[in-house]
Amino acid sequence: MTAKRNIQIIYKEIPDGLPDPSRTFEIRKGNIIPEDVILKSEELLLRTLFISVDPYMRALMREPSIEIDFPALKIGESMLGYALSEVVKSNNPGFNVGDVVEGFTNWEEYSIISPSQTISTLNKIPNAKDSTVPISYFLGVLGVPGFAAYYGLHKICEPLTPGQTLYVSNAAGAVGQMVGQYGKILGLRVVGSAGDDEKVDYLLKDLGLDAAFNYKKHKDFNTILKVTCPNGIDIYFDCVGGKMLDAVLKNCNVNARIALCGMISQYNRFFEQKPLYNMGSAILKSIRLEGFLIGKATTEFIQTFTKFIKEGKLKCQEVILNGIETLPEAYVGHFQGNHFGKVLVKVAEL
């Protein structure tokens, strides 16, 4: 029996503001012999294939005494993240060796997981090994980011009237690029913002948005929104929160809809957030704001987006970094705007 390398990324220290790759995390090297692992009832041994790099995990890096919906991560334990994995050993009747699954697991090459004890269920990817699209897409355009765009637009932002203005912040991000492209497919006038000129060019030239701007070049968000959204904002897909959300409220039309999907501008000061000054507009203009979490992707969504991918109507900008050791730098780089599109770390081949 051969020992396999099992590198773990350990959560070492609660960050003050932006996490630090070397202080917040520790790369711990170890070994595992999969054949010798004894699983308890319901447990699985997973081999990690891809790990999704997601800013929202910052909310779990906090003092345990601060209570929100999800428990704080424990110092000295492996980091947690959304991943694509292969079942290499199973003591669970719902999963077979060779199944490919998506869901929360640890930042490590091999993980022992009890599906009933994770913060969300593990979902099997049907026929993953025979997929006609890259398997990484199941963490991107056909996974949580794509489904967040689909669900948020249909469940919160309807009516999706052709010609109305949809504005999406962080439009070059994993969710934002899906929202922008799907909005165009639906016939909306789509405006996006991003944090550098290269990303803005991508939004305009590659994704075909109607207008886009670099928010870092505009201290007054209110003015640039009036320029890029001259007829006002009917739909806002919010991925950043903070001052941008405040400015959007001022520029919304009557009966506007706002899907609250992410708050990346606030995650590093999650419990010392800036106030919103324009909330009165929500009353005066009958604006509907709604936050949401998503569950398992629906068959309808997967079929719809797969069709658009094959027709060339949906593009998926991916940044794939190789090796589990790159996770700390990749995670912090997300907040610094070092990448755009869906950021993944490839841990192993399927």
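Atoms considered below: every heavy atom in the structure, side chains included; atoms not considered: hydrogens, waters and symmetry mates.
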Pairs meeting criterion ring pair (Phe, Tyr, Trp, His ring centres under 6.0 Å) with involvement of residues 219-265, two or more places apart: Y167-Y236
Co-membership, hydrophobic cluster, residues I320 and Y137, 4.5 Å side-chain: yes
Other cluster members, L45 - Ile/Leu/Val/Met/Phe/Trp/Tyr, side-chain contacts below 4.5 Å: I32, V37, L39, V88, Y110, I112
Contacts of K155 that satisfy side chain to side chain contact (heavy atoms under 4.5 Å, CB included) - sequence neighbours left out: Y151
K315 NZ to Q177 CD distance, which is reported to the nearest 0.5 Å: 10.5 Å
Residue pairs passing the ring pair (Phe, Tyr, Trp, His ring centres under 6.0 Å) test where at least one lies in residues 174-205, sequence neighbours excluded: Y150-Y182, H154-Y182, Y182-F305, Y202-F340
Salt bridge E63-K74, side-chain N to carboxylate O under 4.0 Å: no
For H218, side-chain hydrogen bond (donor to acceptor under 3.5 Å, both in side chains) partners two or more places apart: none
Among N96, V100, V101, I113, side chain to side chain contact (heavy atoms under 4.5 Å, CB included) partner for V87: V101
Validation row: L84, S136 side chains within 4.5 angstrom (heavy atoms): no
side-chain contact (heavy atoms from CB on, under 4.5 Å) assessment of Y11 paired with S78: CA-CA 6 Å; Y11 176 47; S78 176; over 6 Å; no
Test item: N251 side-chain N/O and A247 main-chain N/O as donor-acceptor pair under 3.5 Å: yes
Residues R23, E13; criterion salt bridge (charged side-chain N to carboxylate O under 4.0 Å, His left out); working and verdict: CA-CA 7 Å; R23 292 182 59 185; E13 178 181 292; 3.1 Å; yes
Pair E109-K4, salt bridge (charged side-chain N to carboxylate O under 4.0 Å, His left out): steps then yes or no: CA-CA 9 Å; E109 292 175 294; K4 305 284 188 181; over 6 Å; no
Cationic N near anionic O, under 4.0 Å, D234 to R189: no
I258 side chain reached by L260 side chain, heavy atoms, under 4.5 Å: yes
Spacing of I9 atom CD1 and L80 atom CG [to the nearest 0.5 Å]: 13.5 Å
Connected via hydrophobic side-chain network under 4.5 Å: I125 and V97: no
Close side-chain approach of F301 to T299, heavy-atom, < 4.5 Å: no
Within-4.5 Å side-chain heavy-atom neighbours: K199 and L204: no
Any donor-acceptor N or O pair under 3.5 Å, side chains D197, N214: yes
Sidechain-backbone polar pair: H339 side chain, A330 backbone, donor-acceptor under 3.5 Å: no
Co-membership, hydrophobic cluster, residues I10 and L327, 4.5 Å side-chain: no
Side-chain donor-acceptor contact under 3.5 Å, S22 with D20: yes
Smallest separation among heavy atoms of S111 and N106, with atom names: OG-CB, 3.5 Å
Stepwise side-chain contact (heavy atoms from CB on, under 4.5 Å) check, R5 with K29: CA-CA 8 Å; R5 187 185 76 167; K29 297 181 179 180; over 6 Å; no
Exercise: identify the closest heavy-atom pair between D238 and S169: OD1-OG, 3.6 Å
Nearest heavy-atom neighbours spanning G192 and L203: C-CD1, 4.3 Å
Sequence neighbours excluded - salt bridge (charged side-chain N to carboxylate O under 4.0 Å, His left out) pairs with any residue from residues 85-95: R47-E86, E86-K129
Separation between CG of N278 and CG of L245, rounded to the nearest 0.5 Å: 9.0 Å
Heavy-atom pair with the smallest gap, counting every atom of C316 and M178: CA-CE, 4.3 Å
Minimal non-hydrogen separation, R62 against I14, with atom names: O-CD1, 3.7 Å
Check: E42/N92 side-chain N/O donor and acceptor closer than 3.5 Å: yes
Neighbour count above 12 (heavy atom, 6.0 Å) for K250 NZ: no
Atom pair NZ (K243) and OH (Y277), whose distance is rounded to the nearest 0.5 Å: 10.5 Å
Heavy-atom closest contact (K12 atom, E26 atom, distance): CD-CB, 4.0 Å
No-hydrogen, no-angle side-chain donor-acceptor test under 3.5 Å, T306 and Q303: no
side-chain contact (heavy atoms from CB on, under 4.5 Å) assessment of V347 paired with L49: CA-CA 5 Å; V347 181; L49 304 174; over 6 Å; no
Value rounded to 0.5 Å, distance of OH in Y331 from CG in L18: 9.0 Å
